[in-house]
Every structure is written in C-alpha cells, then in structure tokens.
Amino acid sequence: MALLPNRNKTTPEGKAEKKAAEDDVLMREVDEAVRKDQVENFGKTYGRPLIAVLVIGLLAFGGYLFWQSQQEAAMEATSETMVAALDQLQAGNLDTASETVADLASNGEGAVKGSALMLQAGVAAQAGKNDEAVKLFEQLAAEDDVPSPYRDLARIRAVATQFDDLPSAQVIERLGDMAKPGEPFFGSAAEMVAMAHLDMGDTEKAGALFAQIAKDESVPESLRGRARQMAGMLGVDAIVDIDEVIEQMSGPAPATASGQAPNAGQPAGSPPPQGAQ
C-alpha cells in the first residue's frame with residue numbers, strides 16, 4: 001500500500017497509511033522468506049529422490065527406444081533372410097534355400113520359426129526325402145509357440161507325405177478333429193479321413209464325409225468335384241445345385257474334322273447333313 005504524494009505524513013491519517021505500507025512490505029518479505037525456506041526444505045527432503053526418479057525414467061525410455069530399434073533391425077534381417085531363401089527356392093536351389101533358413105528354424109520364434117520349418121520340410125518333400133520331411137512337419141506341429149495355422153497345416157502335410165504307408169486308423173486318429181465342417185483345413189483333412197474310412201470298409205462314413213466336402217463352398221472346387229464323384233460312387237447324393245453341376249461338366253460342342261462344330265454355318269432348323277443321324 002503506497003502513500004499518496006499529496007498526503008501529509010505528519011497527520012494521524014498519514015502516519016496510519018505509512019504504518020500500513022511498512023507492514024505490507026514486511027509481510028511480503030516474510031512471505032518470500034517462508035517460501036524460500038519451504039523450497040529449500042522440499043529440495044533437501046525430496047530433491048534427490050526426484051532426480052533419481054527422473055534419471056531412471058530417462059534411462060528406461062532410452063532403453064525402450066534402443067530395444068525397439070533392435071527389434072526393427074531383427075525383423076528386417078529376418079525378412080531379408082526369408083526373401084533370400086524364397087529366391088533360392090524359386091531358382092531351384094533347394095539345398096541352399098534350406099540352409100539359408102536353418103538358423104531361423106532352430107532359434108526363431110513364432111511365425112518366423114513356423115515359416116522356416118515349413119520351408120525346410122517342403123524342400124525335403126520336394127527332394128524326395130520323405131522321412132526327413134515327415135520329421136520336420138511333425139516337429140513343427142509340436143511347437144507350442146508357433147501359431148496354430150502353421151501347426152495344423154504341418155500335421156496335414158505330415159500325414160499326406162506318408163499317407164500310402166500310414167495305417168488308416170492312424171490317419172483317422174491324427175486328422176479326425178480337423179475333418180469337421182468349419183475347421184480351417186476341413187477339405188484336405190476330411191478327404192484323407194474319408195479315404196481312410198473307405199480303406200477300412202466303412203463306406204457309410206466315407207460317403208457322408210465326401211458329401212460334406214462336396215457341399216462346402218469354402219472348399220476349393222477341384223476338391224469338391226473329386227468328393228462329389230466319390231460320394232456318387234458310394235450312393236450318396238452330394239449335389240446341391242444340379243444346374244451348376246451340369247454347366248461345369250458340359251464342355252464345348254465337339255468339332256468335326258474340318259474344325260467346325262456339327263451344323264455350323266447352317267440356318268437354324270435345317271436338317272442335319274447326311275450321315276449325321
């Protein structure tokens with residue numbers, strides 16, 4: 001509170017104003033001193049822990065950034081390795097492709113390991129090394145940390161690779177849970193299970209399973225066609241849309257020796273040429 005310049009400081013009012021201004025200044029000084037003391041006490045009490053927390057936080061954040069950069073670098077290296085192996089595979093260098101992913105197959109994790117093992121097993125099967133291929137497929141099927149689609153496909157490939165030598169009962173045991181509509185690999189698993197039932201003389205189960213395959217629109221058409229034929233041979237109706245089946249089975253009109261279809265070039269309703277009855 002400041003004194004007015006035209007106020008007489010010797011009057012009672014002036015003295016009161018002067019006293020109030022001095023008290024105000026004093027209170028401000030005391031308040032500043034108290035705040036300064038509080039800041040000093042806070043710094044002495046909590047300063048070091050706060051600095052330690054800040055340093056730890058910065059170190060943790062820096063460590064996370066370093067870990068993230070390492071992960072990205074590892075992913076890039078893995079991708080480059082898989083691409084190189086696929087290039088070798090496409091070029092026909094089977095052994096080189098398998099060797100390229102050997103480390104990933106042994107030390108990789110998750111989908112990376114699944115892809116590497118699947119490639120190695122496929123290379124072995126393509127090279128005619130069925131025993132080695134089956135071993136790798138079964139190893140992949142038993143890997144708990146690999147995504148289930150890899151494990152399921154490996155189980156199917158393992159059975160398919162040794163199907164001719166595998167007892168029918170084992171085929172049903174290994175693939176029975178996958179030979180159900182709605183399962184990801186239903187078509188492939190169900191076809192082998194149905195053939196196993198047929199080999200064991202159970203035509204009823206085989207025919208019913210072939211019919212399920214033929215009616216499942218999620219199954220590739222080539223597999224559905226085979227299943228439809230097998231179901232028909234076993235006396236099971238597997239046709240849903242007869243018009244569609246007729247259209248698929250009907251081919252182009254047979255050509256004559258001249259390369260034209262019979263009656264080609266003749267007006268509609270004309271009698272067929274002689275000898276074409």
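Just the heavy atoms: all of them, side chains too, but no hydrogens, waters or symmetry mates, feed the values below.
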Trainee: Test Gln88 against every option in Val123, Val83, Asn93, Asp95 by the side-chain contact (heavy atoms from CB on, under 4.5 Å) rule and name the one that passes.
Mentor: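 When Val123, Val83, Asn93, Asp95 are each tested with Gln88, the side-chain contact (heavy atoms from CB on, under 4.5 Å) holds only for Asn93.
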Trainee: Report yes or no: do Ile172 and Leu234 belong to one cluster of Ile/Leu/Val/Met/Phe/Trp/Tyr joined by side chain heavy-atom distances under 4.5 Å?
Mentor: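 Yes, Ile172 connects to Leu234 through the hydrophobic network.
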Trainee: In terms of hydrophobic clustering (I, L, V, M, F, W, Y; side-chain heavy atoms under 4.5 Å; direct or indirect links), are Val101 and Leu140 co-clustered?
Mentor: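 No; Leu140 is not reachable from Val101 via cluster members.
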Trainee: Mind running side chain to side chain contact (heavy atoms under 4.5 Å, CB included) on Glu217 and Arg224 for me, showing each step along the way?
Mentor: CA-CA 8 Å; Glu217 295 183 356; Arg224 292 178 64 193; 4.1 Å; yes
Trainee: Leu153, Leu104: one ILVMFWY side-chain cluster at the under-4.5 Å cut-off?
Mentor: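 Different hydrophobic clusters.
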Trainee: Please set out all donor-acceptor pairs under 3.5 angstrom arising from side-chain atoms of residues 181-200, sequence neighbours excluded.
Mentor:
residue, atom, partner, partner atom, Å
Glu191, OE1, Arg226, NH2, 3.1
Glu191, OE2, Arg226, NE, 3.0
Glu191, OE2, Arg226, NH2, 3.2
Asp199, OD2, Ser168, OG, 2.7

Trainee: Would Arg228 and Asp237 count as a salt bridge (charged side-chain N to carboxylate O under 4.0 Å, His left out) here? Give the steps.
Mentor: CA-CA 8 Å; Arg228 189 181 299 118; Asp237 182 12; over 6 Å; no
Trainee: Quick check against the 3.5 Å criterion: does Arg151 have a side-chain atom that pairs as donor or acceptor with the backbone of Val146?
Mentor: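 Yes, Arg151 side chain to Val146 backbone: donor-acceptor pair under 3.5 Å.
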Trainee: Please name the pair of heavy atoms, one in Ala85 and one in Ala97, separated by the smallest distance, quoted to 0.1 Å.
Mentor: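 Shortest heavy-atom contact: O-CB, 3.4 Å.
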Trainee: Which value, rounded to the nearest 0.5 Å, describes the distance between Asp87 atom CG and Thr96 atom OG1?
Mentor: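 Rounded to the nearest 0.5 Å, the CG-OG1 separation comes out at 12.0 Å.
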Trainee: Grab the two heavy atoms, one from Gly207 and one from Ala231, that are nearest each other, plus how far apart they are.
Mentor: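 Nearest pair, atom of Gly207 first, then Ala231: O-CB, 4.2 Å.
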Trainee: Could you give me the CA-CA distance, side-chain angles and deciding distance for Glu138 and Arg174, then say whether salt bridge (charged side-chain N to carboxylate O under 4.0 Å, His left out) is met?
Mentor: CA-CA 11 Å; Glu138 291 180 344; Arg174 295 186 184 184; 3.6 Å; yes
Trainee: Identify all side-chain donor-acceptor contacts of residues 108-122 below 3.5 Å with residues at least two apart in sequence or on another chain.
Mentor:
residue, atom, partner, partner atom, Å
Lys113, NZ, Glu143, OE2, 3.4
Ser115, OG, Ala111, O, 2.9
Ser115, OG, Tyr150, OH, 3.0
Gln120, NE2, Ser98, O, 3.2

Trainee: Let me have the donor-acceptor pairs involving side chains of residues 124-135, under 3.5 Å, with sequence neighbours excluded, atom names and distances please.
Mentor:
none

Trainee: Can you hop from Val236 to Met233 via hydrophobic side chains spaced under 4.5 Å?
Mentor: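 No, it is not one cluster - the side chains of Val236 and Met233 are not joined through contacts under 4.5 Å.
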Trainee: The test is side chain to side chain contact (heavy atoms under 4.5 Å, CB included); show your working for Asp216 and Gln212 and say whether it passes.
Mentor: CA-CA 6 Å; Asp216 194 330; Gln212 285 183 321; over 6 Å; no
Trainee: So do the side chains of Thr161 and Phe137 get within less than 4.5 Å of each other, counting heavy atoms only?
Mentor: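 Side chain of Thr161 against side chain of Phe137, heavy atoms only: contact under 4.5 Å found.
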